[in-house]
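As structure tokens, the structure follows; a few thoughts come after it.
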Amino acid sequence: MEQVIKSVTSDCRKEAIMKKENNHSILALNRKTLRQNQKIFLGMSILVIVMAGYFLWNLKQIQRENIEIKNVVYELEKDNLNEQNSVFKMCLASDQQSREKYADLGNEFDMKIQKYIQSLRKLLPSEKEKFVKIQSILQSALADRQMAILNANSNHDGGKALQILNDSYAPKMQEIAVLCQELSEKIAGDSQMRIKQIQVTVFLMLIFIIIATVFLMILTSRQKKKMERLINVPIQEMILAMKELEQGNLDYESSYQSESELGMLAESIRTTVRTLRGYIGNIEQVLEALSR
């Protein structure tokens, strides 16, 4: 009888080992699911980091352009005043050498102003109409300046030249400075609006990644607990059934029912116990017959 029990127990253990391999496959599936969740989280994090880096790069680019525009406008206003001063000094100069000196200085500042306007046009291609207006005013102001220079050279007191400068040339140059300043302020306002939009977008993306991270952690934790329940509960019941079987208690049967591999293993143990009961019942009948 002991040999029969040992044989059946050995077969049950072999089957348990085979089912344990299936159990390992379930654990492997659980680990695979966890790895997939981790890959999803990592990919999502990389995507958010790349997008955030792109927005931050745009932010720095906007700030650099804004600073560059302000610097160009500042230099333009400064050289605008320097050119006006040079022209006025040229008209007030008493000798021809001083007039030529200030005229050359005025031409130098005029070239710088033209250069600054071209730089602004490249930085702000969308403001083409305003630059056309600025260029038109500048050409008219240069014509007034040339007329003032001719009057200063022909009339040594410079009265007529000063009148032209005060009435026509200086207001036009001031208008150019005002237009450039308005343009700079408009671009600064647009830049601030774009910066705020980028900041809001980055903030929303950070909130999204935090929410997604928390959700993924909760989902992973639930999957892990669910998998542990699906595995640990039947395994504990089957271990207990095997211990009772080893001790010779054939009245114990596992109550675990399932269509999974673990359920098949539990059913196999119950079948083994019933088979052993049948063997023992037959043996008892034979012994009773022999005793009679």
Side-chain angles (χ1 to χ4, degrees), residues 42-89 102 104-146 165-166 168-213:
L42 181 62
M44 187 168 53
S45 300
I46 293 174
L47 178 63
V48 171
I49 290 172
V50 170
M51 294 181 68
Y54 173 75
F55 284 126
L56 291 175
W57 180 82
N58 281 340
L59 178 62
K60 291 184 177 180
Q61 188 72 15
I62 291 171
Q63 291 175 341
R64 284 197 297 267
E65 290 178 358
N66 200 11
I67 292 173
E68 187 175 358
I69 290 171
K70 287 184 177 181
N71 290 335
V72 172
V73 171
Y74 170 77
E75 294 295 333
L76 190 149
E77 291 177 342
K78 184 178 69 174
D79 288 338
N80 190 342
L81 292 176
N82 290 333
E83 181 182 351
Q84 293 181 58
N85 290 333
S86 300
V87 174
F88 275 96
K89 289 179 180 179
Y102 289 120
D104 293 339
L105 195 59
N107 291 331
E108 181 180 344
F109 287 124
D110 176 62
M111 293 177 62
K112 289 184 178 180
I113 291 173
Q114 295 278 1
K115 180 180 177 182
Y116 294 141
I117 292 175
Q118 291 298 323
S119 298
L120 287 174
R121 178 174 289 182
K122 291 180 180 179
L123 292 171
L124 306 171
S126 61
E127 301 293 335
K128 183 178 179 180
E129 294 181 359
K130 185 159 286 189
F131 285 114
V132 170
K133 182 179 179 180
I134 291 173
Q135 196 70 38
S136 176
I137 296 172
L138 182 61
Q139 293 299 325
S140 178
L142 293 178
D144 293 333
R145 187 187 74 173
Q146 190 65 28
L165 294 178
N166 288 321
S168 183
Y169 171 75
K172 291 177 181 178
M173 296 299 289
Q174 290 299 321
E175 185 179 0
I176 292 172
V178 171
L179 288 174
C180 291
Q181 187 62 37
E182 290 177 354
L183 191 61
S184 175
E185 292 175 358
K186 179 179 179 297
I187 297 303
D190 294 342
S191 299
Q192 290 299 322
M193 186 177 297
R194 290 171 60 191
I195 289 171
K196 288 181 180 179
Q197 291 175 350
I198 291 174
Q199 290 174 343
V200 170
T201 303
V202 172
F203 179 72
L204 292 177
M205 290 180 63
L206 290 176
I207 292 178
F208 170 76
I209 189 62
I210 291 172
I211 294 174
T213 301

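The figures that follow rest on heavy atoms only: side chains count, while hydrogens, waters and symmetry mates do not. Note that the numbering runs from 1 along the sequence shown for the chain.
- Taken to the nearest 0.5 Å, the CD atom of E77 stands 11.5 Å off from the CE atom of M173.
- In terms of heavy atoms, S86 sits closest to Y102 at O-CB, 3.4 Å.
- Taking CD1 from I117 and NZ from K122, the interatomic distance works out to 13.5 Å, rounded to the nearest 0.5 Å.
- Residues R121 and K128 have side chains not in contact (no heavy-atom distance under 4.5 Å, counting atoms from C-beta outward).
- Within the 4.5 Å cutoff, the side chain of N82 has no heavy atoms near those of the E108 side chain.
- Side-chain contact check for Q84 versus Y169: some heavy-atom pair is nearer than 4.5 Å.
- When side chains are defined from C-beta on, D144 does not count as touching L165, because their heavy atoms never get closer than 4.5 Å.
- A 4.5 Å side-chain heavy-atom check between F88 and N166 finds at least one atom pair inside the cut-off.
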Candidate pair R145 and N107, rule side chain to side chain contact (heavy atoms under 4.5 Å, CB included), full reasoning: CA-CA 10 Å; R145 187 187 74 173; N107 291 331; 2.8 Å; yes
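- Contacts of Q181 classified as side chain to side chain donor-acceptor pair (under 3.5 Å), with partners at least two apart in sequence or in another chain: none.
- At least one side-chain heavy atom of K112 sits less than 4.5 Å from a side-chain heavy atom of Y116.
- In this structure the side chain of E83 reaches within 4.5 angstrom of the side chain of L142, judged on heavy atoms.
- Of the possible donor and acceptor atoms, none in the side chain of D110 sits under 3.5 Å from a partner among the backbone N and O of G106.
- Atom CD of E129 has 12 or fewer neighbouring heavy atoms from other residues, nucleotides or ligands inside a 6.0 Å radius.
- Between L120 and I134, every side-chain heavy-atom pair lies at or beyond the 4.5 Å cut-off.
- For the atom pair N85 CG and L105 CG, the distance stands at 9.5 Å (nearest 0.5 Å).
- We find that E175 and K172 are not joined by a salt bridge, their nearest charged nitrogen and carboxylate oxygen being 4.0 Å or further apart.
- Side-chain atoms of S136 do not come within 3.5 Å of backbone N or O of V132 as any donor-acceptor pair.
- L124 CG to S126 OG: the interatomic distance, rounded to the nearest 0.5 Å, is 6.0 Å.
- Proximity of a side-chain donor or acceptor of N71 to a complementary backbone N or O of I67 within less than 3.5 Å is detected.
- Here the CD atom belonging to E127 is positioned 4.0 Å from the NZ atom belonging to K186, to the nearest 0.5 angstrom.
- Note: N80 CG to L138 CG = 8.5 Å, rounded to the nearest 0.5 Å.
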